Asks: 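One structure follows; several queries about it will come next.
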Amino acid sequence: MQILKVSEAVKKYGDIQALDQVSFQAEAGSILGLLGPNGSGKSTLMRSIVTLDRLDQGSIEVAGIRVEEDPAAARRAIGYAGQEQAIDKVLTGREFLRFQAGLVHLNRKQIPARVEEMLRRLDLLEAADRPCEGYSGGMRRRLDLAASLMHQPKLLILDEPSAGLDLVARRRLWDLLAELKAEGTTLLLATHDFEEADALCDQVVLMSRGRVADCGTPQKLRSDLGSWILSAALHEHAQDGDHEKLAALFEGVPGKALPVHPQKADFSFALASSEGDSPGAGQSWIDRIQAQAGQQQLPLFSMAMHRPTLQDVYAAAVGEAAE
């Protein structure tokens, strides 16, 4: 069953094209990632899904409900946790969740049990009666997530869920999101974090300047790009003409060059998947390039290879070096 379906979404703010024919869908019990930098259209799309904005064209369906036709019903199927936690610092964690339960119109008799369940589930029982002002960043993130789950939404939308969290808190959050998925909740993650998207998402939508640059499973996107990423540099720091010399050195290698960052020394190249998936396939091309560099008297500062990452995929899809 499709829990979220976005069809040819278009949104403009004056002369700014925030969304341009955006289409994708998310199945029940899956995690879909919206991956892209600021200005790529992620926030506009999320605002449209949660009914804070209306599309100029196109449609959005949540659990079979057309958002533009019945926004109130759509909101009942959605949970949302923003990048900035909307938490009252004076209230205790327990009081805050009770307040949130009232906002989503939970039955009064069900509220105490549901609050206790979420405090236990999010590992907040020990801090439940302390003011939220004293909570750590990870605890506030978990409390905000608990609030968004009070009404058991079919679609949970998270904006930069692990922003500002330390490594331990981040991993705990990832484990919790995986548990929610296993229980049947559909999650939409908007993130800048390529590693997070790769670790959690069943499907990734790469966005750039309001458009979908590419879409698919992380594994397929990486595989489609190539078998290995070969990288080379002539100096520790970029110098004029380095990238052009390296591009000429890679001529004849099957695959495609990735966009280069002008301030970085590395030149990267995606080796075509047809060349083979074994380390030997990439190493043989490294050996050839090193030999050719020697013949041309181009001393290489470094040469390396790694498996394609989502960051490499994004750079290739949008035509820009991804930071």
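Since we're looking at a predicted model, the values are computed, not measured.
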Asks: Using 30° and 60° as the class boundaries, would you call the ring planes of Phe250 and Phe269 parallel, tilted or perpendicular?
Replies: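 Because their plane-to-plane angle is under 30°, the rings of Phe250 and Phe269 count as parallel.
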
Asks: Glu251: which residues meet the side chain to side chain contact (heavy atoms under 4.5 Å, CB included) condition with it, sequence neighbours left out?
Replies: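 Result, side chain to side chain contact (heavy atoms under 4.5 Å, CB included) vs Glu251: Ala248.
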
Asks: How would you list, by chain and number, every residue that makes a side chain to side chain contact (heavy atoms under 4.5 Å, CB included) with Pro37, sequence neighbours excluded?
Replies: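 Expected list: Ser40, Tyr314.
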
Asks: Are any of the side-chain nitrogens in Arg170 or Glu195 under 4.0 Å away from the carboxylate oxygens of its partner?
Replies: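 Salt bridge: yes.
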
Asks: Is the side chain of Asp144 donor-acceptor paired with the backbone N or O of Arg141 at a distance under 3.5 Å, no angle test?
Replies: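 It does not hold such a pair.
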
Asks: Can you list every pair that meets salt bridge (charged side-chain N to carboxylate O under 4.0 Å, His left out) and has a residue in residues 223-237, with sequence neighbours left out?
Replies: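 Qualifying pairs: Lys220-Asp224.
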
Asks: Restricting to pairs with a member in residues 220-244, which pass ring pair (Phe, Tyr, Trp, His ring centres under 6.0 Å), not counting sequence neighbours?
Replies: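 Every candidate ring pair (Phe, Tyr, Trp, His ring centres under 6.0 Å) pair involving residues 220-244 fails, so no pair, neighbours aside, qualifies.
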
Asks: Quick one: salt bridge (charged side-chain N to carboxylate O under 4.0 Å, His left out) pairs with a partner in residues 12-24, sequence neighbours left out?
Replies: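 Salt bridge (charged side-chain N to carboxylate O under 4.0 Å, His left out) check on residues 12-24 returns Asp20-Arg211.
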
Asks: Can Leu97 and Leu143 be said to form a side chain to side chain contact (heavy atoms under 4.5 Å, CB included), step by step?
Replies: CA-CA 8 Å; Leu97 290 185; Leu143 183 63; 3.8 Å; yes

Asks: Rounded to the nearest 0.5 Å, what's the gap from CD on Gln239 to CZ on Phe301? Could you check?
Replies: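 Interatomic distance, Gln239 CD to Phe301 CZ, rounded to 0.5 Å: 11.0 Å.
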
Asks: Does the side chain of Glu8 come under 3.5 Å of the side chain of Ser23 through a donor N or O and an acceptor N or O?
Replies: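 No donor-acceptor contact under 3.5 Å links the two side chains.
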
Asks: Hydrophobic cluster membership, with links at side-chain heavy-atom distances under 4.5 Å among I/L/V/M/F/W/Y: are Val115 and Leu176 in one?
Replies: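 The answer is yes; both residues are in one hydrophobic cluster.
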
Asks: Go through the structure and list residues passing ring-ring contact (aromatic ring centres under 6.0 Å, His included) with Phe96, not counting sequence neighbours.
Replies: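 With neighbours one apart ignored, the set is empty.
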
Asks: Could you grab the distance from atom SG of Cys201 to atom CG of Leu188, nearest 0.5 Å is fine?
Replies: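 These two atoms lie 9.0 Å from each other.
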
